[in-house]
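From a predicted model like this one, the values you see are computed outputs, not experimental measurements. Below, read A as the first sequence line, B as the second, and so on, with proteins coming before strands; counting in each chain starts at 1.
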Protein chains: 2
Amino acid sequence: MNISQASKAAALPVKTVRYYADVGLVAAQGRSDAGYRTYSDTEIRKLIFVRRAREFGFSIEECRELLGLYQKDDRTSADVKQIATKRLNEIKQKQRELQSLHDDLSNLVSACRGDNRPDCPIIDYLA
Amino acid sequence: MNISQASKAAALPVKTVRYYADVGLVAAQGRSDAGYRTYSDTEIRKLIFVRRAREFGFSIEECRELLGLYQKDDRTSADVKQIATKRLNEIKQKQRELQSLHDDLSNLVSACRGDNRPDCPIIDYLA
DNA sequence: CATAGGGTTTCCACCAACTGGAAGGTCAAG
DNA sequence: CTTGACCTTCCAGTTGGTGGAAACCCTATG
């Protein structure tokens, strides 16, 4: 399989597949005579795994760890859970921040008449 | 006022104040004989304004626009409200995404025993 | 067999919004 | 006069890619 086949199979852009190879996250199986990267089902599965992990917001380094655990049959679910819990806590933290931002900005936007006069509670708040 | 005084007054790192000057967001009032940036109350107020806007997640470019409106006495509150509404919608969108991520990951983490055995619903989901 | 089109390679640059650090000039105190 | 705390510029690195150029490769068609 060439890189574009792999990228389609994994639902990732070609550039991204190449990038993952560059950073040593998912290496190609090998190279053709012409120097083309070749991919087999094993690598496709890893690429899909990484795509899903990235969709959860795991960093490249975390994906590397998760991928390591995925491939290690003597992993412990505790190790996996620990990484996932960390990410979950980050998400919760971000949610709290966004909620607070949302509430404040929402109040300001509601209080702003949005007409052609200059007085504006949003500007007042920022100043 | 030297840059470190300004940075304290605006509650921003020195590096950031210098960066804002570099990108033309908040220029220093001038330079001393030795070439030191000087800041007056006007610039401090702008720096504080930008810090607050950044805390809301407005981009540098949006801060530039807001700062322009802040300084323009014939602004319309409609212009301000439009920028703020755009940002508010981005926040809402991000909240929806995070909520979905949270729910999914939370379910997986709950379902994972986190013991020393290898079977793990998180890995299963990603694979 | 030449050539046109696609696919592939490497490498370099860019995005946002800083941050860290090096090398060197400045200033005030002791 | 020296020491230490400032300040300056400039370059590099961060995250996770993306865009593009120059050049090589492969296949199909005329």
Rounded interatomic separation in angstrom, taking [atom1] from [X] and [atom2] from [N]:
{"X": "B/Glu90", "N": "C/dA16", "atom1": "CD", "atom2": "C1'", "value": "14 Å"}
{"X": "A/Phe56", "N": "D/dG16", "atom1": "CZ", "atom2": "C1'", "value": "19 Å"}
{"X": "B/Tyr20", "N": "C/dA16", "atom1": "OH", "atom2": "C1'", "value": "11 Å"}
{"X": "A/Leu25", "N": "D/dG16", "atom1": "CG", "atom2": "P", "value": "10 Å"}
{"X": "B/Tyr19", "N": "D/dC11", "atom1": "OH", "atom2": "P", "value": "17 Å"}
{"X": "B/Asp33", "N": "C/dT26", "atom1": "CG", "atom2": "C1'", "value": "12 Å"}
{"X": "A/Leu47", "N": "D/dG17", "atom1": "CG", "atom2": "P", "value": "12 Å"}

**Q.** Distance-only side-chain donor-acceptor flag, B/Gln99 / B/Asp103, under 3.5 Å
**A.**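 The answer is yes; a qualifying pair exists.
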Q.
Using 30° and 60° as the class boundaries, would you call the ring planes of A/Tyr125 and B/Phe56 parallel, tilted or perpendicular?
A.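 Judged by the thresholds at 30° and 60°, the geometry between A/Tyr125 and B/Phe56 is tilted.
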Q. Of all the nucleotides listed (D/dG16, D/dC26, C/dA17), which has the minimum atom distance to the side chain of A/Arg54?
A.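 The answer is D/dG16, which lies nearest to the side chain.
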Q.
Need one value for B/Ser59: base, sugar-phosphate or nothing, where a base atom within 4.0 Å counts as base even if backbone is also close, heavy atoms only.
A.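 Sugar-phosphate contact only.
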Q) Heavy atoms under 4.0 Å, any strand shown: does A/Phe58 hit a base, just sugar-phosphate, or nothing? A)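 No contact at all - A/Phe58 keeps every heavy atom at 4.0 Å or more from the nucleic acid.
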Q | Closest-nucleotide ordering on DNA chain D, the 5'-leading residue of A/Glu61 and B/Arg31 | A |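 Its nearest nucleotide lies further toward 5', so the answer is B/Arg31.
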(Q) How about CD on A/Gln82, more than 12 heavy atoms from neighbouring residues, nucleotides or ligands closer than 6.0 Å, or not? (A)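 Counting other residues, nucleotides and ligands, CD of A/Gln82 stays at 12 neighbours or fewer.
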Q. Hey, does the side chain of A/Thr16 come within less than 4.0 Å of D/dG16's phosphate (OP1/OP2), counting only N and O?
A.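 For A/Thr16, the contact criterion (side-chain N or O under 4.0 Å from OP1 or OP2 of D/dG16) is not met.
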**Q.** Pair of N/O donor and acceptor under 3.5 Å linking D/dG20 base with A/Lys15 side chain
**A.**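 Counting by modelled atom types and ignoring angles, a donor-acceptor contact under 3.5 Å is found here.
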Scan nucleotides 2-8 of chain C against the protein and return all N/O pairs shorter than 3.5 Å with their distances rounded to 0.1 Å.
residue: C/dG7; atom: N2; partner: A/Tyr36; partner atom: OH; Å: 2.7
residue: C/dT8; atom: OP1; partner: A/Ser4; partner atom: N; Å: 3.2
residue: C/dT8; atom: OP1; partner: A/Ser4; partner atom: OG; Å: 3.0
residue: C/dT8; atom: OP2; partner: A/Ser4; partner atom: OG; Å: 3.2

